[in-house]
Amino acid sequence: MTTPPPLSVSGCPMLHGPAFAAQPNAVYAQLRTQGPAGWAEIAPRVHALVVTDHRAAVTLVNDSRTYSKDSRLWADLAAGHVPKDSPVLGMMAWRPSVLYTDGDEHARLRWAMDDCIARISPHWLRDITRRNALTLIARVITRGEADLMADFADMVPMLNFTEILGCPPEKTDQMVRACQDLISAGPQAATGAADFAALLYELIQLRRQRPGQDLTSWMINHAAQLSDDEILNQLFCVTGAGLIPTAAATAWTLHLLLRDDDYAGNLAAGTLTVRRALDKALWERAPMANFSVHFARQDTNLHGVHVPGGVPVLISHAAANTDPALPQRRSYDSRAHLAWSAGPHRCPAISQATTIVQTAVETILDQLWDMTLTDDSAEPLLRHGPFHQCPQTLPVTFRRKSADRIPVTALAGGTS
């Protein structure tokens, strides 16, 4: 039998659709009236408890005895009450990856994930990020205008991942197209996911025959002895978790540097760094707005809120980071925010994501130093959906420049 939200909160806030995308903070304020966690509709006919309280969120993500990541515990999904075409299934349906496991199985998969990600050279990552960023800048520098989302922030992590995964050059365009469809909010997302999975399967077979210095080869040869299915889903997880959050963090950092006088006015003088702007953006604009899905193994209570067993419980990283109970004059140098989540499922690639964002932002500011937001009076419209907090567009203008100013050696290739 389905577990609907209590009658007292029927007509609960919706974490999807244009109204939520236009005013997410108003929806979080509604949720807070229910207590540390409240019922929300996260997709048509799909309800979940959403934790908005910072202390409650930290409690939940560190309590793996009470809460599981295994979405096979989702009672409504098991009973067939979740629409088969629900847009949330791509992020919430179970797969044999680190994101959906607990205990010893999670430890085994996380061991492989952590070891392989740690092998990515930070110097090489900076090099390829700068090279890919310069390639993208060269495409727009003569136009005098660009969309920092479509032309830059979305594309840098996509191009990076083709190299990180060890994708052959002849397959790069296919992988980028699949990733573009995968991260879209439209009907092509399912096709993109299938195409991307098929490309990953081909890549795994290729790297079994011809190992390289790449994430796919390292996963294949890791001592955890992952199956092809596990490798595919590990790679799918790390890419899916890395694309939009990294793109959003890049966009929000640029938006802050271009719009906030405290940052824009001092950036040239070097008194405020890109990293500090990123830290503030992570506090105020958590790229993964609502995720870290857990399921109570049985009925329980979370800071006074009744949590039925088998119901999805999402952490609102966005709402928890802006919890009114937190000190209002906190330093943004503090990294106690939940943008990377916390506990045993904390993001395994924080250093790598930070390197990509910082390098990408520094590169575009260096090349397009005179760019300004086309409209700095309005808040960017967000992409639709419950999970990500990402601008739809971020248009800028700048003086037209010659593509000759882009360093040719930077476009020729990076180090490996």
Side-chain angles (χ1 to χ4, degrees), residues 4-61 87-88 91 185 245 248-249 251-252 255-256 259-260 279-294 301-308 311-330 332 334 336-342 377-392:
L7 292 177
S8 60
V9 292
S10 59
C12 54
M14 293 195 300
L15 262 66
H16 64 95
F20 174 62
Q23 292 189 307
N25 289 333
V27 178
Y28 299 142
Q30 284 183 278
L31 279 169
R32 289 189 181 106
T33 64
Q34 299 183 45
W39 287 97
E41 184 181 89
I42 60 173
R45 295 170 52 200
V46 181
H47 292 87
L49 276 168
V50 180
V51 181
T52 57
D53 178 273
H54 191 276
R55 288 179 58 249
V58 172
T59 296
L60 187 150
V61 296
V88 299
M91 295 281 282
W252 290 127
H255 184 260
L256 181 63
R259 188 183 189 191
D260 190 316
D279 286 336
K280 182 175 181 180
L282 291 172
W283 269 107
E284 296 183 346
R285 306 277 198 170
M288 292 298 294
N290 306 287
F291 199 52
S292 297
V293 185
H294 289 73
N301 283 278
L302 177 67
H303 287 227
V305 175
H306 176 64
V307 180
V311 164
V313 185
L314 278 63
I315 303 295
S316 178
H317 308 117
N321 281 356
T322 55
D323 183 352
L326 291 172
Q328 295 305 294
R329 299 189 65 180
R330 63 185 177 275
Y332 289 109
S334 165
H337 60 72
L338 295 177
W340 307 115
S341 193
S377 64
E379 284 295 307
L381 291 175
L382 302 182
R383 292 176 179 171
H384 291 194
F387 303 123
H388 301 107
Q389 184 169 213
C390 185
Q392 291 184 25

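One distance of note links CG of L49 with CG of L31; it measures 9.5 Å at 0.5 Å rounding. The structure places OG of S292 at 9.0 Å from CG of L60, a figure rounded to the nearest 0.5 Å. Annotation: the span from D53 atom CG to D323 atom CG amounts to 5.0 Å, rounded to 0.5 Å. Atom CE of M288 is separated from atom CG of L314 by 9.0 Å, given to the nearest 0.5 angstrom. Distance CD/Q23 to CG/N25: 9.0 Å, rounded to 0.5 Å. One finds the CG atom of N321 at 8.5 Å from the NE2 atom of H317 (value rounded to the nearest 0.5 Å).
For the pair H384 and Q392, the minimum side-chain heavy-atom distance is below 4.5 Å. At least one side-chain heavy atom of P380 sits less than 4.5 Å from a side-chain heavy atom of H255. L282 places a side-chain heavy atom less than 4.5 Å from the side chain of P287. Using a 4.5 Å cut-off on side-chain heavy atoms (C-beta onward), F20 and P13 make no contact. In this structure, C12 and Q30 have side chains that are not in contact, with every pair of non-hydrogen atoms separated by 4.5 Å or more. Annotation: side chain of E379 is in contact with side chain of R259 (closest heavy-atom distance under 4.5 Å).
Between L256 and A281, the closest heavy-atom pair is CD2-N, 4.3 Å. Between N290 and P386, the closest heavy-atom pair is ND2-O, 2.8 Å. Minimum heavy-atom separation, M91 to F291: O-CZ, 3.6 Å. The two residues V61 and S341 make their nearest non-hydrogen contact at CG1-OG, 4.3 Å. Closest of all the heavy-atom pairs between A57 and L338 is CB-CD1, 3.6 Å. Considering every non-hydrogen atom in both E41 and M14, the closest pair reads OE1-SD, 3.2 Å.
Of the possible polar contacts, one joining the H54 side chain to the A336 backbone as a donor-acceptor pair under 3.5 Å is found. The backbone N or O of C390 lies less than 3.5 Å from no partner atom in the side chain of H388, so there is not a single donor-acceptor pair. With R32 contributing its side chain and A319 its backbone, the two residues share a donor-acceptor pair below 3.5 Å.
The aromatic rings of H337 and W340 lie tilted to each other, with the angle between the two planes from 30° to 60°.
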| message | Could you walk me through whether V50 and Y28 satisfy the side chain to side chain contact (heavy atoms under 4.5 Å, CB included) test, starting with their C-alpha distance in whole Å, then the side-chain angles of each, then the deciding distance to 0.1 Å, before giving a yes or no? | response | CA-CA 9 Å; V50 180; Y28 299 142; 5.7 Å; no
